[in-house]
**Student:** 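Sending over a structure as structure tokens; questions will come in a sec.
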Amino acid sequence: VTGERRGTATRAPDRPDVKGLLRAAGLRATAPRLHLLQTLLDLHHATADELARAITDEGIAVSTVYRTLEHLERVGVVRQVALAADRRSYHVTMLADHLHLRCTRCDRVTEVDAALLTTLTSAIEDQTGFRVDTAYPVLTGVCNHCGDRVG
Ligand SMILES: [Zn+2]
Ligand SMILES: [Zn+2]
């Protein structure tokens, strides 16, 4: 096996190496790709439209944003997350596994460590043999800003 594997994917640093991310996926670091990835990292989660709006401020065509996003998804650099039934958001795959908590009142998305899910999913697996797909975990509810009247 000649494929080199460097153990750089330990924990997501504050400023991930966007160029390295593209290179690892076998992509050239073009300006649209760099802009799109950096913007998505800044926003954490964004739909194609939100990204297109943010990126076109930088003088990149909307069609380029969509095409680039599709390409990045195909090679696994970004992934879709169904944060709501009518909304397909993306996040950068290299970010540490996280569970999405979406507030149904203010629509804010909070991220928590996906390890919190493990207790639940292994209990489900033990009891039923059902294997929960935790690739895009989203829980909905009411956040602490909106929840003062809940309980
Ligand atoms: Zn996410
Ligand atoms: Zn809220």
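First listed ligand is number 1; within each ligand, the first listed atom is number 1. Along the sequence shown, residues are numbered consecutively beginning with 1.
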**Student:** Measure across F130 and I124 and return the closest heavy-atom pair with its distance rounded to 0.1 Å.
**Tutor:** O-CG2, 4.0 Å
**Student:** With a cut-off of 2.8 Å, how many protein N, O or S atoms neighbour the Zn ion (ligand 2)?
**Tutor:**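 Counting protein N, O and S atoms closer than 2.8 Å to the Zn ion (ligand 2) gives 4.
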**Student:** Looking at V138 and A82, what are the two nearest heavy atoms and their distance?
**Tutor:** CG2-O, 3.6 Å
**Student:** One thing to verify: whether D107 and R87 come together as a salt bridge, which I'm taking to mean a side-chain N less than 4.0 angstrom from a carboxylate O.
**Tutor:**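 Looking at R87 and D107, the cut-off is met.
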**Student:** Can you check whether L95 reaches L41 side chain to side chain, under 4.5 Å on heavy atoms?
**Tutor:** yes
**Student:** Check whether any N, O or S atom of H100, backbone or side chain, sits closer than 2.8 Å to the Zn ion (ligand 1).
**Tutor:** yes
**Student:** To make sure I understand the geometry: which N, O or S atom in H91 is closest to the Zn ion (ligand 1)?
**Tutor:**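 Going by distance to the Zn ion (ligand 1), the closest N, O or S atom in H91 is ND1.
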**Student:** State yes or no: are the ring centers of H44 and H100 separated by less than 6.0 Å?
**Tutor:** no
**Student:** About how large, to 10 degrees, is the angle NE2 of H98, then the Zn ion (ligand 1), then NE2 of H45?
**Tutor:**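 Vertex at the Zn ion (ligand 1): approximately 120°.
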**Student:** Would you call L51 and L43 a side-chain contact if the rule is heavy atoms closer than 4.5 Å?
**Tutor:** yes
**Student:** Look up atom CZ in R23 and atom CG in D17, then write down how far apart they are to the nearest 0.5 Å.
**Tutor:**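 R23 atom CZ to D17 atom CG measures 6.5 Å (nearest 0.5 Å).
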